[in-house]
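Heads up, the thing below is written out as structure tokens.
Residue numbers begin at 1 in each chain, while the letters A, B, ... track the order of the sequences. Please read these numbers as outputs of a predicted model, since none were measured by experiment.
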Number of protein chains: 2
Amino acid sequence: MSFLQLFFKIIFIPYVYAANRSTPKRPYMNKYQKQTRLLAAVDCIVFGFDGQKLKLLLIQRGFEPEKNKWSLMGGFIRPTEGADEAAVRILKILTGLEGVYLEQLHTFAEPVRDPIERTISIAYFALIDTHQYEKQISDEYHAEWFPLESIPDLIFDHKRMVAMAKEKLRYKAALHPILFELLPPKFTLPLLLNLFEDVYEASFDKRNFTRKIMSTGLLLKQKEKDKGSSKKGAFYYKLDKKHYKKNFNKFIHFIRNPNGIS
Amino acid sequence: MSFLQLFFKIIFIPYVYAANRSTPKRPYMNKYQKQTRLLAAVDCIVFGFDGQKLKLLLIQRGFEPEKNKWSLMGGFIRPTEGADEAAVRILKILTGLEGVYLEQLHTFAEPVRDPIERTISIAYFALIDTHQYEKQISDEYHAEWFPLESIPDLIFDHKRMVAMAKEKLRYKAALHPILFELLPPKFTLPLLLNLFEDVYEASFDKRNFTRKIMSTGLLLKQKEKDKGSSKKGAFYYKLDKKHYKKNFNKFIHFIRNPNGIS
DNA sequence: AAAAATAATTGTAAAAATGACAATTAATAA
DNA sequence: TTATTAATTGTCATTTTTACAATTATTTTT
């Protein structure tokens, strides 16, 4: 790109734009002129559960900087979209999924996160059912699932983002039925217990756990059993979606003290 | 400012900067060239408690746009500071206080929040002891405390920010000893009860409340009494700071169901 | 000096939730 | 028929929560 092109692209167009705003109707047009603009991106911490382990979806960057290093899926926010929309778009690109659980986590805005240019990142965490995912996965982004205990080195401050997301997941799952977002539509109680035990890296008493889960009224027992992992087979359950949505914000004390601080 | 000046300020300098980066060592210099930059600001939702009511600190804007309307205290993030630093700086300007409780709330990034130009706002909420504040208040910003039930119209999406902050305050105060941040160093149990009752717009049983509070081990009974509001007088208590800090993230179920959803 | 007034402080019993414990059941495989 | 495997289910002691009102310390009034 020539200097002249750059001139038009970066300088002239904004100037004209600003000039338009400086008509008598808007006497305050120069208000923000002095301020520094910066790039805004979205990064997604994507959790999944394959029935055994809680995992994280990462991509291998195909471009500089930090080419070939592992990274969270992210992208710049476009001029016409908000951060939530950007996160939804990026998640759709990566997983092919729509309507997944997505929540804003935190915004990382240290001046020197990205070596190229100042970029703030609005981080989101997502919970998806890996079975849904596997059907639609595109290898375009070199995406891979990693168990949480063996996450590779990540670019920029993505490691910190993951740590924060994990903490928030534990926090929230202790109080709200959020982990069901990781499960397929039909699941068994032993599977659910596995999930909780993996998330909290702890083991829970089956009887007490079942009692707690059942007392929430969230589960609908199905007639079919899953005979995959035992001779007796375990009954399938479904989420009572209405109950789930209506009571999502209510406290359910699944885990008393998620951080194990005495 | 002349066109030439603008030219140098906005165009030339960044161009040179980018050119520096485009040495053979960094073949990816143009990577982000196409992306749109935007303004990033910080807004602070400042809560205070005057002994009677939970209140919000607002300022009357002295400049366009939305001059004379009420607003949260905010400002643009500077090139050399992160968002947390910006929030601290802005809070210092408004209240004169340092070291106050400050927590990132949420980032608002809809494309058209500010009519002048796209600006994303990283919102923080702060809890301060109004007594500390009153000593240092500067009227420069036309700051005023408003009870939560009579907040005036606010600019942009600030109303939504306040609503979210209030919700988060309730949520967090139900589980963590965060409301102590609103109290002076010495306070009485009836005052603490007042605070909780005002925050949750509910009334709590004195005996059960006291028992709960005392069981946390957070309070140190003082020998003096506050005789301001009764003949008998109420003992002062202080926070056990060490205990407070060490156990802050631990769940203490002050309020069982903060949203009152049955 | 006694009584009244005011707000702070304190106790108890029933109900609910939790935590700690192992035997029984359903189905398949031997 | 028996052995095997994993799922399912129950009880009791402890802790926590809830519901409810009498007592106490001090000042003001009589």
Side-chain angles (χ1 to χ4, degrees), chain A residues 51-52 174-177 183 186-198 200 202-238 247 250-258 260-262, chain B residues 51-52 174-175 177 183 186-197 200 202-238 247 250-258 260-262:
Chain A
Q52 309 290 323
L175 298 166
H176 305 282
L183 295 173
K186 289 191 296 188
F187 52 87
T188 65
L189 287 179
L191 185 74
L192 185 65
L193 177 59
N194 271 356
L195 175 52
F196 270 87
E197 292 189 329
D198 197 49
Y200 290 99
S203 61
F204 303 110
D205 181 86
K206 272 182 285 198
R207 290 160 289 191
N208 295 338
F209 180 80
T210 306
R211 175 155 38 101
K212 170 67 81 172
I213 294 293
M214 286 307 157
S215 74
T216 64
L218 280 166
L219 296 196
L220 302 169
K221 192 171 189 171
Q222 306 301 109
K223 288 180 180 174
E224 319 129 73
K225 278 183 168 183
D226 166 41
K227 301 245 178 126
S229 61
S230 81
K231 290 161 186 171
K232 182 174 179 179
F235 282 104
Y236 279 120
Y237 289 82
K238 281 187 179 176
N247 297 306
K250 186 177 159 189
F251 281 162
I252 305 173
H253 299 284
F254 290 104
I255 308 295
R256 279 246 127 187
N257 205 345
I261 312 163
S262 94
Chain B
Q52 309 291 322
L175 298 166
L183 295 173
K186 287 190 299 187
F187 52 87
T188 65
L189 288 178
L191 185 72
L192 186 64
L193 178 59
N194 271 357
L195 175 53
F196 270 88
E197 292 189 330
Y200 290 99
S203 62
F204 303 110
D205 181 86
K206 270 182 286 196
R207 287 160 290 190
N208 295 337
F209 180 81
T210 306
R211 178 149 33 95
K212 168 70 82 174
I213 294 291
M214 285 309 157
S215 74
T216 65
L218 280 166
L219 296 196
L220 301 169
K221 192 172 189 171
Q222 305 301 109
K223 288 181 177 173
E224 318 128 73
K225 279 183 168 183
D226 166 43
K227 301 244 178 127
S229 60
S230 81
K231 288 162 186 169
K232 182 175 178 180
F235 282 103
Y236 279 120
Y237 289 81
K238 281 186 179 176
N247 298 306
K250 188 178 158 187
F251 280 163
I252 305 173
H253 299 284
F254 290 104
I255 309 296
R256 278 248 129 186
N257 206 344
I261 313 164
S262 93

What is the distance, rounded to the nearest whole Å, between atom [atom1] of [X] and atom [atom2] of [N]?
{"X": "A/Asp226", "N": "C/dT28", "atom1": "CG", "atom2": "P", "value": "13 Å"}
{"X": "A/Leu189", "N": "D/dA6", "atom1": "CG", "atom2": "C1'", "value": "13 Å"}
{"X": "A/Phe187", "N": "D/dA7", "atom1": "CZ", "atom2": "P", "value": "15 Å"}
{"X": "A/Leu192", "N": "D/dA7", "atom1": "CG", "atom2": "P", "value": "13 Å"}
{"X": "A/Asn208", "N": "D/dT9", "atom1": "CG", "atom2": "P", "value": "15 Å"}
{"X": "A/Phe235", "N": "D/dA6", "atom1": "CZ", "atom2": "C1'", "value": "14 Å"}
{"X": "B/Tyr236", "N": "C/dT9", "atom1": "OH", "atom2": "P", "value": "12 Å"}
{"X": "B/Phe209", "N": "C/dT9", "atom1": "CZ", "atom2": "P", "value": "12 Å"}

Among [options], the nucleotide that comes nearest once only the side chain of [X] is considered:
{"X": "A/Lys212", "options": "C/dA8, D/dA6, C/dA17", "value": "C/dA17"}
{"X": "A/Thr210", "options": "D/dT9, C/dA27, C/dT9", "value": "D/dT9"}
{"X": "A/Lys231", "options": "D/dA7, D/dT5, D/dT9", "value": "D/dT5"}

Between B/Gly233 and B/Arg256, name the one whose nearest nucleotide on DNA chain C is closer to the 5' end.
B/Gly233

D/dT5 base to A/Lys232 side chain: any donor-acceptor pair below 3.5 Å?
no

At 4.0 Å (heavy atoms only), tell me whether [X] reaches a base, stays on the sugar-phosphate, or touches nothing.
{"X": "B/Thr188", "value": "nothing"}
{"X": "B/Ser229", "value": "sugar-phosphate"}
{"X": "A/Lys206", "value": "base"}

Exercise: identify the closest heavy-atom pair between [X] and [Y]:
{"X": "B/Leu175", "Y": "B/Phe254", "result": "C-CD1, 4.2 Å"}
{"X": "B/Ala174", "Y": "B/Tyr200", "result": "N-OH, 2.8 Å"}
{"X": "B/Ala234", "Y": "B/Thr188", "result": "O-CG2, 3.7 Å"}

Sub-3.5 Å donor-acceptor pair from the side chain of B/Asn247 to the main-chain atoms of B/Lys250, do we have one?
no

So that I know where these two stand, are A/Phe187 and A/Tyr237 an aromatic pair - ring centroids less than 6.0 Å apart?
no

Output yes when at least one side-chain N/O atom of B/Lys227 is less than 4.0 Å from OP1 or OP2 of D/dT26, else no.
no

Return the 5'-most residue of the pair B/His253, B/Asp205 with respect to DNA chain D, ranking by each residue's nearest nucleotide.
B/His253

How do A/Arg211 and B/Lys225 order along DNA chain D: which one's closest nucleotide is nearer the 5' end?
A/Arg211

